[in-house]
Amino acid sequence: MSNTASRIIETMERPPAAARQWTGQRIAGHVFMGFWVLAALGLATFLAGAWDSELFARYAPNYVSGLIVTVQLVLISILLGALLSAPIAYARTSRNKFLAWPAYAYVYFFRGTPLLAQTFLIYYGLGSFRPQLEALGLWTFFREAWYCAVLAFTLNTAAYQAEILRGAVQSVPRGQWEGAASLGLHRFQTLQKIILPQALIVALRPYGNEIILMIKGSAIVAIITVYDLMGETRRAYSRTFDFQTYIWAAVIYLAIVETLRNIIDWIERRITRHLKR
């Protein structure tokens, strides 16, 4: 047997080298996890020591009310934004410049500026045009901070959802369109029965991230006197000067985000079962 063949056989039969038990990356990961465990234990210890049952009983209903306002704000904005995002996404992909350029400008503005600035522009900016709005019969809408917050959040999330939808549709191979056309399906049937089901699988995770970002971003509406979860937290702190009121809010936000994350993971596993082998 030649030396080359012997070396090949020896290499094939040689057991794999033992993996390093404690790499630098693994040590750093354990240190990082240990830090978060200690932080969680410290937070739990602090809350247990500073727990005030009277304070909780007094402000818990306000937190529930604020949580309902937050959920309503995000849910309404997401649904209205989804309806608005479809024509925007279509216009973004259109070859007609009179459709594509306004849609591009809309998306560019609302994705490129802070949500807080957009909310201020609608609530305070448009509020300075009271005579004109009264003449148009729109002052009743724009004088309410709640309606202005819904409008600002809807316009903002519509821009992000339009880009998510556009990217998801464009991720579907062009051959899907051509195959559907060869079967005699018109464009709407192709989009409804073939393209969108595949695109929504791609878009699910970005849509979930957008909802989570909207929930966390909804805290800014407290600045324009909407008593959502953060608004009620600020009011509780202004009356008690107890810092744990903010910790309660942080825990509630964390619970909402973690619940949504697990729901999205479950949906993703359900709709991608056919892709797993």
Side-chain angles (χ1 to χ4, degrees), residues 11 13-53 55-56 59-60 63-64 66-67 70-71 74 78 111-117 156-157 160-161 163-164 167-168 171 201-223 228-234 236-238 240-273 275-277:
T11 302
E13 294 178 351
R14 183 182 302 167
R20 294 176 60 188
Q21 296 299 319
W22 289 98
T23 62
Q25 186 177 7
R26 187 177 180 186
I27 293 173
H30 278 74
V31 171
F32 186 73
M33 287 301 299
F35 169 78
W36 282 110
V37 170
L38 291 175
L41 291 175
L43 177 61
T45 303
F46 170 78
L47 290 177
W51 181 259
D52 188 342
S53 58
L55 182 68
F56 180 80
Y59 291 104
Y63 274 76
V64 173
L67 177 61
T70 296
V71 172
V74 173
I78 288 291
R111 294 183 70 203
T113 57
L115 178 57
L116 179 60
N156 180 273
T157 190
Y160 283 93
Q161 290 189 53
E163 287 299 282
I164 293 171
S171 70
I201 295 177
V202 178
L204 176 62
R205 183 66 61 177
Y207 268 122
N209 292 338
E210 173 62 14
I211 295 173
I212 290 173
L213 289 174
M214 288 289 290
I215 289 175
K216 293 189 289 186
S218 65
I220 67 172
V221 299
I223 302 176
D228 67 328
L229 178 57
M230 184 54 65
E232 293 293 351
T233 302
R234 294 178 63 194
Y237 180 78
S238 66
T240 63
F241 295 100
D242 192 333
F243 190 72
Q244 67 175 304
T245 55
Y246 281 106
I247 297 179
W248 294 348
V251 171
I252 294 173
Y253 278 115
L254 183 62
I256 296 173
V257 169
E258 188 64 19
T259 301
L260 276 174
R261 187 185 67 81
N262 283 279
I263 292 174
I264 293 166
D265 287 342
W266 179 81
I267 295 175
E268 188 176 35
R269 288 195 300 269
R270 292 283 296 179
I271 66 177
T272 59
R273 286 181 300 176
L275 300 177
K276 297 178 182 178
R277 299 184 182 276

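What you see below is based on every heavy atom in this structure, not just the backbone, and it leaves out hydrogens, waters and symmetry mates. All figures in this text were calculated on a predicted structure; none of them were measured in a lab.
Taking the side chain as every heavy atom from C-beta outward, Met230 and Tyr246 approach each other to under 4.5 Å. Looking at Thr233 and Trp248, their side chains never come closer than 4.5 Å, going by heavy atoms from C-beta outward. Inter-residue side-chain proximity for Phe35 and Val31 is flagged as unmet; no heavy-atom pair is nearer than 4.5 Å. Contact annotation: the side chain of Thr245 never approaches that of Arg234 to less than 4.5 Å [non-hydrogen atoms, C-beta and beyond].
With sequence neighbours excluded, the residues satisfying side-chain contact (heavy atoms from CB on, under 4.5 Å) with Leu260 are Ile211, Ile212, Ile215, Ile256. Residues that satisfy the side-chain contact (heavy atoms from CB on, under 4.5 Å) test with Ile264, not counting sequence neighbours, are Leu204, Arg205. Shown here are the salt bridge (Lys or Arg N to Asp or Glu O under 4.0 Å) partners of Arg261, two or more places apart in sequence or in another chain: Glu258, Asp265. Asp242 meets the salt bridge (Lys or Arg N to Asp or Glu O under 4.0 Å) test with no other residue; sequence neighbours excluded. Residues passing the side-chain contact (heavy atoms from CB on, under 4.5 Å) test with Leu116, sequence neighbours excluded: Phe120, Ile220, Ile223.
Here the CG-CG distance, from Leu67 to Leu229, works out to 6.0 Å after rounding to the nearest 0.5 Å. The structure places CD1 of Ile252 at 9.5 Å from OG1 of Thr70, a figure rounded to the nearest 0.5 Å. In this structure, the separation between CG on Leu213 and OG on Ser218 is 11.0 Å, given to the nearest 0.5 Å.
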*Trace of the side-chain contact (heavy atoms from CB on, under 4.5 Å) decision for Ile201 with Glu268*: CA-CA 7 Å; Ile201 295 177; Glu268 188 176 35; over 6 Å; no
*Derivation of the side-chain contact (heavy atoms from CB on, under 4.5 Å) call for Val64 and Glu232*: CA-CA 9 Å; Val64 173; Glu232 293 293 351; over 6 Å; no
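Residue pairs meeting the side chain to side chain donor-acceptor pair (under 3.5 Å) criterion with at least one member in residues 207-216, sequence neighbours excluded, are Thr157-Glu210.
The two atoms that bring Ala249 and Tyr63 nearest to each other are N-CE2, 4.1 Å, heavy atoms only. The two residues Gly217 and Leu115 come nearest to each other via the heavy atoms O-CD2, 4.4 Å. Summarising the geometry of Ile164 relative to Ala203, their closest heavy-atom pair is CG2-CB, 3.8 Å, with the distance given to 0.1 Å. The shortest heavy-atom contact between Ala255 and Thr259 is O-OG1, 2.7 Å. Annotation for Gln161 and Ile78: closest pair NE2-O, 3.3 Å, computed over non-hydrogen atoms. Of all heavy-atom pairs between Ala168 and Ser171, the closest is O-OG, 2.5 Å.
Using the six-membered ring where Trp is involved, Tyr237 and Phe243 have ring planes that are perpendicular, over 60° apart on the 30 and 60° scheme.
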